[in-house]
Structure formats: structure tokens, C-alpha cells
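Side chains included, hydrogens not; waters and symmetry mates left out as well; all remaining heavy atoms used.
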2 protein chains.
Amino acid sequence: MKRGVLIVLSGPSGVGKGTVRKALFEEPDIDFQYSISMTTRQPRNGEVNGEDYFFVTRDEFETEIANGDMLEYAEYVGNYYGTPKKFIDQTLAAGRDVLLEIDVQGALQVKEKMPEGAYIFLTPPDLAALKERLIGRGTEAMEVIDRRVSAATAEIRMMANYDYAVVNDEVSLAVNRIKDIIKVERLRVNRVLPEYIKMIEELEA
Amino acid sequence: MKRGVLIVLSGPSGVGKGTVRKALFEEPDIDFQYSISMTTRQPRNGEVNGEDYFFVTRDEFETEIANGDMLEYAEYVGNYYGTPKKFIDQTLAAGRDVLLEIDVQGALQVKEKMPEGAYIFLTPPDLAALKERLIGRGTEAMEVIDRRVSAATAEIRMMANYDYAVVNDEVSLAVNRIKDIIKVERLRVNRVLPEYIKMIEELEA
């Protein structure tokens, strides 16, 4: 059984991660499992356990944390939210790809525990556009430009932790780039080699 | 100017590197520079210097070696053959991709000097087919199988030095996989990041 690929879609807030993720799942030839989060908040009307979230008690969540079973988590307005490792592990082991959409802080935590994933950083339109956006129309105060440049510098520093930078100039283009990445990730030697080695070991035994 | 990508196409002898390379260059949407070798042998009828080979004297070739300007070289029937670094460097710096088709020994030498390339290992048909080929029809002598298994083991060990494993089950499929790899290599953070950093430095200056 060939192990699935963990695809982590991340990027600065406001870049359009959610939109790209939804468009990706609407592609007819895509069959990812979406990584389901765990939370201690109450289910809302119509929300289904194991589909929208894994709904657990505070005790259960804290046991997961204590056992090192959360890839990342945060507390927000009195409730825990996090990514359970076991669900992702089992899905990958069953040969299915998993997509995790997550903010930059979360992605870094996940990477520490699952460095074998494909880490994609979604970026605002390309370099030329970024430069234009930063400098503006030349009418901007120096202070405004400085602030934008330091924000961009921080984003670019984040990017260094990822494998791929995908420009979100148009959602359909970003989706195609991500589909290409997944296709090509399956050809990477570090994913293919374990199978070959296993086969050889079986033949030599 | 965005630097080109060095694509190194390699693999065990007999796997079909040359056929795949030729098919790749026939693709309408491919615009690689083919890496031109340097040699001390005499040009044959119709061969053009700087197109088929860089034809040089023995002295010139040995000066290149002494200056560390050969990515790899070998002597064969009294003549030197090798890959000059400068030509590749200049082509990449001009923003053009370079394809180098080379045997496994050569590829490893090139990788030491240009680890930033995309190293593709062309493999015989997939795992199932390989296993079948190794075991044969069950009528093979144990000795024959053992020999095949050790040959395959050696190939798989070589593969570990590469970035991608591309199965050459059908030439057109292998060509498409390589085209996908090149597309996606351009999205890799280590290729994109230097441009962003340069832009930021210019803006901060």
C-alpha cells in the first residue's frame, strides 16, 4: 500500500487559503481527505461529529495534548481547536492524500512532527505586483511604504520554511499549480524509495 | 532575471535516457538548452563546433580540468569527453533551462558541484513489472534470480542520490512526468526565495 501525501496549504492571512482549498475540492479529479479538526466547542445546528469537527470534552482534548497526539492546537475564546495526528496518520497509511489548510503558526508546528508533508505557501500576486503594491503610486508617505516593506519581509521570512510558493493571482491557476505539485510529489525519490527497498527486502528474504 | 533550472536526466544503462531526451526536445512547448559536451576527438563530417560538441585540443581540455571548469569528465578510447561548467552557468544565468543527459557516474559528479539541479532518475517499468522481471516465470534458476535482484538493488541504491524517480513505462508518459517536474521545480521555495529577498533588499536600500 502506497502511503498518501500530506499536503499542507498555508500562507499569510487574507491571501485566500480557504477559497483555494474549496476550489481544489470541487475539482473532479481530486480525492483528498480534508483534515478534520478537533474542538471542545459545542456543535452548531447541523454540524456532524467526525465530519465538520471531532467534538470532544475539555478532558479528552487535554489527554490528547498530554499524549502528544495533537499536531498543533490553540485556545480561542475559551475553546480548544487543534489537528489530531492519529486521523491524518491512519488516512495516509490507507493510501489516501490528506489536505490540511492552516495558518502559518500552525503549519510550523505541524512541520516539526510531520516533516515529510508537502508544505505549500500561498502568496499574494507575483513579485512585480507585490513591488507595486508596496511602493504604491509614488504618492504614499515613506512611513506607509516602510510598514508595507516590513510586512512583506516578515511574509517572505515565513516562506523560507515551506517547500513550495504558489502565487494566488487567480484561483483556478493556483488550483492547477497545487494539482501539479501533488502529481510531482508522488515522483519524489524519498516517497518512492521505501517501496522499492521493501520489495527488494522481500525478494532477498 | 530568473535563473534557469538545470535538469539532469540519468538512470541505469539501457533504460532509454536518449529516447526520452529526444522525445522531450520534440515537444512544442519545451525550450531547453541541451548541455553541449566538450571533447578532444576530431569532428566528424558535418559536426559543428558549439553545436554537436565543443571541440578542443588536449591541452585546452586539461587546462579546463586543472581550473575546475569541468563538471565531470572521462577518458574514452584515448579522447576526453566532459561537461563544461561555464556553458551551463551562463545559460542558466540568462534565464534558460538546461537539460543534461548523463550516466549515473557522471550525474553524481555533477551533483557535487551543482546540487541545485533537479536530478531525475529514469527507472525501468514500475515496481510490479520489476518484481515480475526479477522473478521471471517461476522457471528461472535461483542463481539467475539472485543476480537480477542484486542488479536491481544496485539500481535502487543509485536512485537514492536523486530527487525524482520517473518510470519509463511509455516514452510519452515519461516525457509528461518530466514536464510536470520542471513546471513544479519553478515553484520550489529555494528557487523563488532569492528573487523575493533581492527585491526586499532593493526596497530597503
- Task: Please determine, among A/Leu187, A/Asp146, A/Ile120, the option with the most heavy-atom pairs under 4.5 Å with chain B.
- Result: A/Leu187

- Message: Is A/Arg177 close to chain B through its backbone or its side chain, or both, or neither, when contacts mean heavy atoms under 4.5 Å?
- Response: both

- Just wondering, do A/Val192 and B/Tyr164 contact through their side chains at under 4.5 Å, heavy atoms? no

- Message: Can you confirm whether A/Tyr73 is buried at OH, in the sense that more than 12 heavy atoms of other residues, nucleotides or ligands lie under 6.0 Å from that atom?
- Response: no

- Message: Taking atom CZ as the centre, does B/Arg157 end up with more than 12 heavy-atom neighbours from other residues, nucleotides or ligands that are less than 6.0 angstrom away?
- Response: no

- Item | Separation of A/Thr153 OG1 from B/Tyr196 OH (nearest 0.5 Å) | 13.0 Å

- Message: Looking at B/Glu202, I want to see if its CD is surrounded by more than 12 non-hydrogen atoms of other residues, nucleotides or ligands under 6.0 Å.
- Response: yes

- Query: Would the number of heavy atoms belonging to other residues, nucleotides or ligands and lying under 6.0 Å from CZ of B/Arg96 be above 12?
  - Reply: yes

- Candidate list B/Arg186, B/Lys179, B/Lys183, test salt bridge (Lys or Arg N to Asp or Glu O under 4.0 Å), partner A/Asp180, passing option: B/Lys183

- Do you know which two heavy atoms are closest between B/Val189 and A/Met159, and how far apart they sit? CG1-O, 3.5 Å

- B/Lys113 atom NZ, over 12 foreign heavy atoms within 6.0 Å: yes

- Item | Leading residue by heavy atom contact count with chain A [cutoff under 4.5 Å; candidates B/Tyr119, B/Tyr162, B/Phe121] | B/Tyr162

- Message: Tell me which of these, B/Asp163, B/Val166, B/Asn161, B/Ile197, has more heavy-atom pairs under 4.5 Å with chain A than the rest.
- Response: B/Asp163

